[in-house]
Amino acid sequence: MKEVFEENNIRKAILRVGLPAMLGQLTTLIYNIADTFFVSMTKDPAMIAAVTLSTPILLIIMSVASVFGMGGNSVAARLMGEGRTKDVGKTLNFCTYSMLAAGIIILLSGLLFIKPIAEASGADISDMAYTCDYLKYIFLGSPFIIFSNGAVHIFRSIGLIKESTIGLAMGNLVNIVFDFIFIILFGWGTAGAAIATSFGFFCSSIYYFACMMKAAKKGNETIRLNIKEFKPERKMAVSVISIGIPGALITILLSVSNMVLNNFIGIYGSNAVASYGIAYKIDMIPIMLSVGLSQGVAPLIGYYYGADEIKRLKQTMACSMLYGIILGAIFLCIFALSADHLAGIFLEDKALIKQAGSFILILSLSAPMLGIINMVTSYFQALGNAIKSLLITVLRNAMLFIPAVVFFNSIWGLPGVISAQPAVETVLALLCMSMYAKDRKTERR
């Protein structure tokens, strides 16, 4: 496994860890778009709006996985770099059982408070029933959603890149197949979309458990399930959680900002929410690929830091940011040329297609910035610098974004609300570059 981290060619090392992670995120993106596509075939804007409104709640559930998945990833990668194999095993054992316990808690509390949660997400009388249908089955699948998403990061931290990607892709492909069966053949609508999602994560969870048991049988000390070792050392648990919380807050605050955004867009009607939902799903293509690259490279950065190979760390960051910027620029060009055509895949009404196309174009303006923002965020997470990672997250989704939505809405109305994202991410990319340069300068001193 260590040969992944000890690859001499930096560009090749980035591709070895980055491409599988990007592929995994791409399959996640495909299933997200498939959900919307199959629901859009019902020709009911209220159903499309319900899926859009429920997405932030699903992301919040996934964020719990980030506490132990991304936190464990960072701690384990640095321990691997230091050669402390037994401590890696203890860390990942703690993270696994913690994710399963958190999933059960969310399942029970989610079902208990389902209607208030739907109302908080922005559901109104026209889409409340559909939103509750979707959320019910998402909460039932939450233990598998959390474990599956956390296991992706845990597997990457110890060099099981192939297994990590296979599990992620498997769950997403199962989801797509059952989306068609439950929504189109059975006519279950939003409930069918949620059942397919939870079942996909259930399948990937079974795969990850099988991989862990197989590795344990082969004597792999870094990945094992032993309930006796669930009780963690205090220092290790604090380290995992303190690093994982900023990673989780990235998703939580993104969800909160999306809920604020949905409420503002909801002022302009369900059609506006549906148009934004389509635009956002399409804009997720560069977002998810950028996230995949940064998350794939994060264990590499942590390993180099733990092994005190600072020169290779700097080269990895420079190449990864450049790849991210180029990737974003390519998608900006694609969306500028074909925004209306892409919207037309999901919508039939010409006015909605034109509206969604304009939203896609506005949102895509921030695509090149993602390579900088996501890589610098992953850099601080990988190094265990929770404060700076948290600062970027809070700036991105609360301190800058929410005031920008309010301000632009008061000036330009609905187009202004959509314009808040590229405006904020342009400013944030500049701040991230400044923070990274300052950190490297301090490290040299």
Side-chain angles (χ1 to χ4, degrees), residues 20-32 34-35 54-55 57-73 76 91-107 110 134-135 137-158 160-179 193-216 223-225 240 244 247-248 250-252 255 284 288 291-292 295-296 298-299:
M22 291 170 73
L23 177 62
Q25 291 295 331
L26 187 60
T27 62
T28 300
L29 173 67
I30 291 169
Y31 107 69
N32 270 309
D35 263 3
S54 300
T55 298
I57 307 302
L58 176 59
L59 290 175
I60 289 173
I61 295 172
M62 290 180 176
S63 73
V64 178
S66 297
V67 174
F68 302 103
M70 296 179 74
N73 178 303
T91 301
L92 300 189
N93 193 73
F94 161 69
C95 291
T96 298
Y97 285 107
S98 296
M99 287 188 290
L100 294 173
I104 294 169
I105 292 169
I106 289 174
L107 186 158
Y134 190 93
L135 290 176
Y137 293 105
I138 288 299
F139 285 131
L140 286 171
S142 55
F144 306 110
I145 293 171
I146 291 171
F147 174 73
S148 178
N149 279 278
V152 170
H153 300 291
I154 285 173
F155 277 42
R156 286 174 187 158
S157 69
I158 55 174
L160 296 176
I161 311 296
K162 182 181 73 174
E163 290 83 354
S164 168
T165 304
I166 289 172
L168 185 60
M170 176 194 296
N172 291 330
L173 291 173
V174 167
N175 185 359
I176 292 168
V177 171
F178 281 90
D179 264 340
I195 294 170
T197 296
S198 291
F199 185 62
F201 284 119
F202 169 78
C203 291
S204 60
S205 295
I206 296 300
Y207 171 78
Y208 286 131
F209 274 120
C211 288
M212 294 173 85
M213 288 188 286
K214 183 179 178 181
I223 188 163
R224 59 176 183 260
L225 295 174
V240 167
I250 290 174
T251 307
I252 291 173
S255 300
M284 286 293 287
M288 298 294 274
V291 167
Q295 289 183 354

Would a 4.5 Å heavy-atom cut-off, applied to side chains only, mark [X] and [Y] as touching?
{"X": "Ser198", "Y": "Leu140", "answer": "no"}
{"X": "Phe68", "Y": "His153", "answer": "no"}
{"X": "Met70", "Y": "Val240", "answer": "no"}
{"X": "Met212", "Y": "Thr96", "answer": "yes"}

Measuring from atom [atom1] of [X] to atom [atom2] of [Y], what distance do you get when rounded to the nearest 0.5 angstrom?
{"X": "Met288", "Y": "Met22", "atom1": "CE", "atom2": "CE", "value": "12.0 Å"}
{"X": "Asn172", "Y": "Cys203", "atom1": "CG", "atom2": "SG", "value": "11.5 Å"}
{"X": "Thr197", "Y": "Ile176", "atom1": "OG1", "atom2": "CD1", "value": "10.0 Å"}
{"X": "Asn149", "Y": "Ile61", "atom1": "CG", "atom2": "CD1", "value": "10.5 Å"}

Under the side-chain contact (heavy atoms from CB on, under 4.5 Å) rule, collect the residues that match up with [X], sequence neighbours excluded.
{"X": "Val64", "result": "Ala102, Ile106, Ile146"}
{"X": "Phe202", "result": "Phe144, Phe199, Ile206"}
{"X": "Ala76", "result": "Val88, Leu92, Ser157"}
{"X": "Ile195", "result": "Tyr137, Phe182, Trp188"}

Donor-acceptor under 3.5 Å ([X] side chain, [Y] main chain):
{"X": "Tyr208", "Y": "Leu168", "value": "yes"}
{"X": "Ser142", "Y": "Gly103", "value": "yes"}
{"X": "Thr165", "Y": "Pro20", "value": "yes"}
{"X": "Ser54", "Y": "Tyr134", "value": "no"}
{"X": "Asn175", "Y": "Gly171", "value": "no"}

Minimal non-hydrogen separation, [X] against [Y], with atom names:
{"X": "Glu163", "Y": "Cys211", "value": "CG-SG, 4.1 Å"}
{"X": "Gly200", "Y": "Val174", "value": "CA-CG1, 3.9 Å"}
{"X": "Leu58", "Y": "Ile138", "value": "CD1-CG2, 3.9 Å"}
{"X": "Met62", "Y": "Ile145", "value": "CG-CG2, 3.9 Å"}

Task: Ring center gap for Phe147 and Phe209 short of 6.0 angstrom - done: yes

TODO: Please identify each residue that fulfils ring pair (Phe, Tyr, Trp, His ring centres under 6.0 Å) with Phe139, with sequence neighbours left out.
DONE: none

Task: Sequence-distant partners of Ser148, side chain to side chain donor-acceptor pair (under 3.5 Å), two or more places apart - done: Ser204

